Amino acid sequence: MRGAKIMSQDDALHAVRHSMSHVMAEAVLEMFPDAQIAIGPAIDNGFYYDFDLPRQLKTEDLEEITRRMQDIIKDDKPFERSVVARKEAEEQFADQKYKLELIKAIPEDQEVSLYKQGGFTDLCKGPHVASTKQLNPQAFKLLSIAGAYWRGKETNPMLTRIYGTAWEHPKQLRQYLKQLEDIEKRDHRKLGKELDLFSLHEEAGAGLVYWHPKGARIRQAIEDFWRKEHYRNGYEMVYTPHVGKSWLWETSGHLDFYKEGMYPPMEMDKAHYFVKPMNCPFHIMIYNNGMHSYRDLPVRWAELGTVYRYEKAGALHGLLRVRGFTQDDAHIICTPDQMEDEILEVLRFSLYMLRSFGFQDIKAYLSTRPEDSVGEQHQWESATESLRKAIDREGLAYELDEGGGAFYGPKIDLKIKDALGREWQLSTIQFDFNEPQRFNMEFVDKDGKEKRPFMVHRALLGSIERFFGVLLEHYAGAFPPWLAYEQIRIIPVAAPFEDYAKKLQQLFREQDFRASADLSDDRMNAKIRKAQKEKIPYMVIVGEREEQDQAVSVRYRSGKQENGIPLEDFVQMVASRVSEKTQL
RNA sequence: GCCAAAAUAGCUCAGCGGUAGAGCAACGCACUCGUAAUGCGUAGGUCGUGGGUUCAAUUCCCACUUUUGGCUCCA
C-alpha cells in the first residue's frame, strides 16, 4: 500500500490491526480448511495476511471473507495467550509448513507464544485486544489481493496476500478511505493526462516518457533554474554521448556488477555498444583526457544526463519508475583533504535546491560500508565521517543505514515529505572508491607525485522525471507561478475587448511571462472554467472598464479576485512572485 | 520476472454471444455575453494484438503486449 499515515500508530490501534489479521485468517481458514497460513502483521493503516490457498482468490471472495470476519467479531471471542514448549508448538502446527519454519527461526532463549480466538490459533508474539468484541465490524475494509513471496524472496513460493485497513471507529475508516481518494486525485499520472503534460506509449516502449509542450515548459523552468544555480555554485556543464563501447563498461565494472540493469548491446563494426545506465564513465573520460594538478581540483562537472536502465516490467510506475530518465548528475573530483568541504557544500546546495521547490521537511539517510565492498577501510571511515559531519553541521535529522552503502562507497540520501506527508527520495550523494581506481584517475600533488583523487557522484533532484512526478503530486498540479507552464491567461469579457487582450499578451510576453489570451468564441464563464481546470495561477479578465483605466481585473487560481489593478502593479506583483518562487 | 485485476471514441465510462452507446472534448452554425459549463447540429471506434471455440466473438478460451495493485528492485 502506498498511503500516508493519518495518525501515529499507537499501540491500541496496532493491537486492533494485528487482531484483525488473525480474525481474517480465521475467516479464510473457515472457507479453505486446507489453506497454509504464513504471516499476518499489522502495518501502517492496516494489516495483511499471507496464505497458500488451494485456488486463486477473486475480488468477490473478499466480500465473503468480510462477512465471515464480521460474524467472528460479533461472537465476542476472547484472545487467549499461552506460552508453550517448542515441541508442543510444532505439534500444534504439524501440517502448517510455514509456521513450522517460523518456529524453527525463533531463537532458543525466546519463549514461543500462541494466541487463540475461537477456533483459530496462531503462532504470535502479540499483543492483541482482549476480545474480538473490541474490534469494530464496521471499521475495517479488505482492500486488495496481491502476490507476495514467502519471506520476500523471489525464489520462494508466491503466496496470496490480502491487504486490509482497520481502525477503531467507522469514522476513522471513512476518513482514511477519503484520504486514499485524495491521493488518487493527486496521482501524477492522472494529473499529467488531465493537464496534458506528458504521456507514455505502450506501443513505442514501456517506461519511456514523452514530454508534451506544457510539461516541457515546466521542465525547462526547472532546468533553467538548475543550470543557473550550478554555475553559481562552481560547477561546469559537460555533455557526453549516450552510448559507449564495451571497453568503457568493462573498465567501469558495470558489465560485472550492473549488467542486468543495462539495455542489451548493439553491434556495429564488430564492437558492442551499450546505452549508458550512468554518466560517470563519460565524465571520467573527460577527466582522464589530460593531466590534473592539485591546483585544478576540485572539478565539479554537471550534466543533465539521460540514462537508460532495464527495470522489471512490474516495477514501472508512471514517471516515478521508468526505463529512460534524466539524472541531474554531477561528479566532484577532489583531493582527499578537500573532501570534507566539498561534501558540506554539496549538502548545502542540495538543501537549497529542494527548499527552493517548496520542500521543507527533509531527512537524511546515511549508509555505511556493506560487507562486499571495495576500497580501504580508512577511506571508508573518513568518507563516512565527513558525510556525518556535514549532516550535523546542517542540523539535519538523519537515520543510519548500517551496511546500506553501495559496494563502491558510503552515501547520503535525502528524502523529502510532500504535502500529504509521504516520503520520497530525491538527492543522493555517493562516494566512489571504485571507478577512480579502475580508470586509474590521477592528479599531481604538491610533492610532484601522482595520486588518486576522490570522486563523489551526486544528484540533487534525482531524476528529472521522478522529481517532476513528485512535484506534480506535491502541488496537486497547481504549480507556483515560477514553474507554471502558463502563468497568465487573459480573458476578454466579450469580443470587442480582444484587441486589449492581445495587447496585454504582447506586453506580458515582453516581461518574459508565460501568458496567452483566450480569443475562442466561448463565453467568458466557460473561459474562466477552462483556465481554472488548467490550474493557471492568474486569470486576467478585461472589459471596458479595464481598457479605459489601463488596468486589469485578476482572478487568482484560489478563487480570490481583485478588480481594477493598475497594469504596472500587476506586472510587478507577478514578477516578484516569480523571482521569489512563492505561491500565487 | 512472479501473483492478481484490467484494456471499448482524444478523455471518463456503459454495454457483453447476433459486428457498439453516453457525457466531456473536437468540428460547424447561431448567440456577443463581467468571474467555474449558451443553444442546436456534425463527425469520430477493424471494442489492445494474435490465435482458438462457434453458424456468429467486442463479449467465451489461450498466448502476447501494455496498464493498475502488490512482491522484488530502485533515481
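Note that the coordinates shown come from a computational prediction; the quantities given were computed from them, not determined experimentally. Side-chain atoms are counted along with the backbone in the values below, which use heavy atoms only and exclude waters and symmetry mates. Proteins get letters first, then strands, A, B, ... in listed order; numbering begins at 1 in each.
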Engineer: Quick check with a 6.0 Å cut-off and a 45 degree axis cone: is A:Lys276 positioned over the face of A:Tyr308's six-membered ring?
Structural biologist: no
Engineer: Roughly how many Å is it from CG in A:Asp518 to P in B:rG34, rounded to a whole number?
Structural biologist: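 Rounded to whole Å, this separation is 16 Å.
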Engineer: Which word best sums up how the rings of A:His254 and A:Trp249 line up, parallel for under 30°, tilted for 30 to 60°, or perpendicular for over 60°?
Structural biologist: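 Because their plane-to-plane angle is over 60°, the rings of A:His254 and A:Trp249 count as perpendicular.
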Engineer: For B:rG48 versus B:rC13, give the span between their P atoms, rounded off to a whole number of Å.
Structural biologist: 15 Å
Engineer: Given that A:Gly318 and A:Arg151 both sit by RNA chain B, which one's nearest nucleotide is further toward the 5' end?
Structural biologist: A:Gly318
Engineer: In terms of side-chain geometry, is the basic nitrogen of A:Arg161 or A:Asp50 positioned less than 4.0 Å from the acidic oxygen of its partner?
Structural biologist: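 Salt bridge flag = yes for A:Asp50 with A:Arg161.
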Engineer: What nucleic acid atoms does A:Gly314 come within less than 4.0 Å of, heavy atoms only: base, sugar-phosphate, or nothing?
Structural biologist: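 Answer is base: heavy atoms of A:Gly314 come under 4.0 Å of a base.
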Engineer: Counting distance alone, no hydrogens or angles: does the base of B:rA75 have a donor or acceptor under 3.5 Å from a partner atom on the side chain of A:Glu311?
Structural biologist: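 Result: at least one qualifying N/O pair found.
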Engineer: Would you say A:Arg323 reaches B:rC73's phosphate, i.e. side-chain N/O to OP1/OP2 under 4.0 Å?
Structural biologist: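 Checking B:rC73 against A:Arg323, no side-chain N or O comes under 4.0 Å of OP1 or OP2.
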Engineer: Listing time: all N or O pairs from protein to nucleotides 38-44 of chain B that are below 3.5 Å?
Structural biologist:
unit_1 : atom_1 : unit_2   : atom_2 : d
B:rU38 : OP2    : A:Arg523 : NH1    : 3.3
B:rU38 : O4'    : A:Arg523 : NH1    : 2.8

Engineer: Measure from the side-chain heavy atoms of A:Met158 and tell me the nearest of B:rC3, B:rU68, B:rU32.
Structural biologist: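 When the side chain of A:Met158 is considered, B:rC3 is the closest of B:rC3, B:rU68, B:rU32.
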Engineer: Would you say a side-chain N or O of A:Lys312 is under 4.0 Å from OP1 or OP2 of B:rC71?
Structural biologist: no
Engineer: Which residue lies toward the 5' end of RNA chain B, A:Lys530 or A:Thr428, if each is placed at its nearest nucleotide?
Structural biologist: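 Checking each residue's closest nucleotide, the 5'-ward one belongs to A:Lys530.
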Engineer: Can you find a side chain N or O atom of A:Tyr163 that sits less than 4.0 Å from OP1 or OP2 on B:rC71?
Structural biologist: yes
Engineer: Enumerate donor-acceptor pairs with a distance under 3.5 Å from any side-chain N or O in residues 399-406 of chain A to protein atoms, sequence neighbours excluded.
Structural biologist:
unit_1   : atom_1 : unit_2   : atom_2 : d
A:Glu399 : OE2    : A:Lys363 : NZ     : 2.7
A:Glu402 : OE2    : A:Thr368 : OG1    : 3.1

Engineer: Write down the distance separating the C1' atoms in B:rC33 and B:rU38, rounded off to the nearest Å.
Structural biologist: 9 Å
Engineer: NE2 of A:His283 to CD1 of A:Ile333: how many Å apart, nearest 0.5 Å?
Structural biologist: 9.0 Å
Engineer: Among all residues two or more places apart in sequence or in another chain, which pass the salt bridge (charged side-chain N to carboxylate O under 4.0 Å, His left out) test with A:Lys533?
Structural biologist: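 Counting only residues at least two positions away or on another chain, A:Lys533 forms no salt bridge (charged side-chain N to carboxylate O under 4.0 Å, His left out).
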Engineer: Pair up each side-chain donor or acceptor in residues 206-214 of chain A with any protein partner under 3.5 Å, not counting sequence neighbours, and list the distances.
Structural biologist:
unit_1   : atom_1 : unit_2   : atom_2 : d
A:His212 : ND1    : A:Asp196 : OD1    : 2.7
A:His212 : NE2    : A:Ser199 : OG     : 2.7
A:Lys214 : NZ     : A:Glu534 : OE1    : 3.4

Engineer: Taking the P atom of each, how far is B:rG10 from B:rG44, in whole Å?
Structural biologist: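 So the two P atoms sit 12 Å from each other.
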Engineer: Which whole number of Å gives the distance between the C1' atom of B:rG45 and that of B:rA7?
Structural biologist: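 Result for the C1' pair: 14 Å, nearest Å.
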Engineer: Return one dot-bracket line describing RNA chain B 5' to 3' (Watson-Crick or G-U wobble pairs, both distances under 3.5 Å; ( ) same strand, [ ] crossing, | another strand, . none).
Structural biologist: (((((((..((((....[..)))).(((((.......))))).....(((((..]....))))))))))))....
Engineer: Would you classify A:Leu200 as touching base, sugar-phosphate or nothing, given that sugar-phosphate means primed atoms plus P, OP1 and OP2, and contacts are heavy atoms under 4.0 Å?
Structural biologist: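 Result for A:Leu200 = nothing.
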Engineer: Expressed as a whole number of angstroms, how long is the span from A:Ile491:CD1 to B:rA36:P?
Structural biologist: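 Going from A:Ile491 (CD1) to B:rA36 (P), I get 10 Å.
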Engineer: Expressed as a whole number of angstroms, how long is the span from A:Arg189:CZ to B:rU66:C1'?
Structural biologist: 14 Å
Engineer: Partners of A:Phe47 by ring-ring contact (aromatic ring centres under 6.0 Å, His included), sequence neighbours excluded?
Structural biologist: none
Engineer: What's the closest nucleotide to the side chain of A:Arg545 if the choices are B:rG34, B:rG69, B:rC73?
Structural biologist: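 Among the listed nucleotides, the one closest to the side chain of A:Arg545 is B:rG34.
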Engineer: For the pair made of CD1 in A:Ile162 and P in B:rA5, what is the distance, rounded to whole Å?
Structural biologist: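 One finds 13 Å between P of B:rA5 and CD1 of A:Ile162, rounded.
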Engineer: Could you check whether A:Gln425 gets within reach of a base, just the sugar-phosphate, or nothing at all, counting any heavy atom under 4.0 Å?
Structural biologist: sugar-phosphate
Engineer: Can you find an N or O donor on one side and an acceptor on the other, under 3.5 Å apart, linking the side chain of A:Arg466 with the base of B:rA75?
Structural biologist: no
Engineer: Using a cut-off of 4.0 Å on non-hydrogen atoms, how would the nucleic acid contact of A:Met524 be classed: base, sugar-phosphate, or nothing?
Structural biologist: sugar-phosphate
Engineer: Nearest to the side chain of A:Gln532, heavy atoms from C-beta on, is which of B:rA75, B:rU32, B:rA36?
Structural biologist: B:rA36
Engineer: Could you check whether A:Asn563 gets within reach of a base, just the sugar-phosphate, or nothing at all, counting any heavy atom under 4.0 Å?
Structural biologist: base
Engineer: Round to a whole Å and report the spacing from CG of A:Asp328 to C1' of B:rA75.
Structural biologist: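 Result: 9 Å.
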Engineer: I need the CD1-P distance between A:Ile145 and B:rG69, as an integer number of Å.
Structural biologist: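 A:Ile145 atom CD1 is separated from B:rG69 atom P by 16 Å.
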Engineer: Check whether NZ of the Lys or CZ of the Arg A:Lys560 lies under 6.0 Å from the centre of the six-membered ring of A:Tyr556 and within 45 degrees of that ring's axis.
Structural biologist: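 Yes; both conditions hold, so A:Lys560 lies above the ring face of A:Tyr556.
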Engineer: Check whether NZ of the Lys or CZ of the Arg A:Lys415 lies under 6.0 Å from the centre of the six-membered ring of A:Tyr365 and within 45 degrees of that ring's axis.
Structural biologist: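 Yes, A:Lys415 sits over the ring of A:Tyr365.
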Engineer: With a 4.0 Å cut-off on N to O distance, would you call A:Glu498 and A:Lys502 a salt bridge?
Structural biologist: no
Engineer: If I take atom CG in residue A:Leu180 and atom C1' in nucleotide B:rU68, what distance separates them, rounded to the nearest angstrom?
Structural biologist: 15 Å
Engineer: If you measure from the C1' atom in B:rC11 to the same atom in B:rC64, how many Å do you get, rounded?
Structural biologist: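 Those two atoms are separated by 27 Å.
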Engineer: Measure the distance from CG on A:Leu319 to P on B:rU68 and round it to the nearest whole Å.
Structural biologist: 11 Å
Engineer: Report which part of the nucleic acid A:Val307 touches: base, sugar-phosphate, or nothing (heavy-atom distance under 4.0 Å, all strands).
Structural biologist: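 No contact.
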Engineer: Does B:rU67 have OP1 or OP2 under 4.0 Å away from a side-chain N or O of A:His201?
Structural biologist: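 So the side chain of A:His201 is outside the cut-off, no N or O lying under 4.0 Å from OP1 or OP2 of B:rU67.
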Engineer: So, is A:Arg555 near the phosphate of B:rA36, with a side-chain N or O under 4.0 Å from OP1 or OP2?
Structural biologist: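 Yes, such a contact exists.
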Engineer: Please step through side-chain hydrogen bond (donor to acceptor under 3.5 Å, both in side chains) for the pair A:Gln430 and A:Tyr408, ending with a clear verdict.
Structural biologist: CA-CA 9 Å; A:Gln430 310 188 343; A:Tyr408 50 80; 2.7 Å; yes
Engineer: Spell out yes or no: do the side chain of A:Glu546 and the base of B:rG34 have one donor N/O and one acceptor N/O closer than 3.5 Å?
Structural biologist: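 Result: at least one qualifying N/O pair found.
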Engineer: In whole Å, what separates the P atom of B:rU8 from that of B:rG50?
Structural biologist: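 Rounded to whole Å, the distance is 16 Å.
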Engineer: Look at the side chain of A:Tyr149 and decide which nucleotide, out of B:rG69, B:rU72, B:rG34, has an atom nearest to it.
Structural biologist: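 Among the listed nucleotides, the one closest to the side chain of A:Tyr149 is B:rU72.
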Engineer: Using the P atoms only, state how far B:rA26 lies from B:rU58, rounded to an integer number of Å.
Structural biologist: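 B:rU58 and B:rA26 have their P atoms separated by 32 Å.
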Engineer: What interatomic distance, in whole Å, is found between C1' of B:rA14 and the corresponding atom of B:rA6?
Structural biologist: 16 Å
Engineer: In sequence, state the C-alpha distance, the side-chain angles, and the governing distance for A:Phe225 and A:Leu483, and then conclude on side chain to side chain contact (heavy atoms under 4.5 Å, CB included).
Structural biologist: CA-CA 10 Å; A:Phe225 172 66; A:Leu483 289 170; over 6 Å; no
Engineer: Which of the following nucleotides, B:rU67, B:rA36, B:rC73, is nearest to the side chain of A:Ala315?
Structural biologist: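 Shortest atom-to-atom distance from the side chain points to B:rC73.
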Engineer: For A:Lys193, which contact category applies under a 4.0 Å heavy-atom criterion: base, sugar-phosphate, or nothing?
Structural biologist: sugar-phosphate
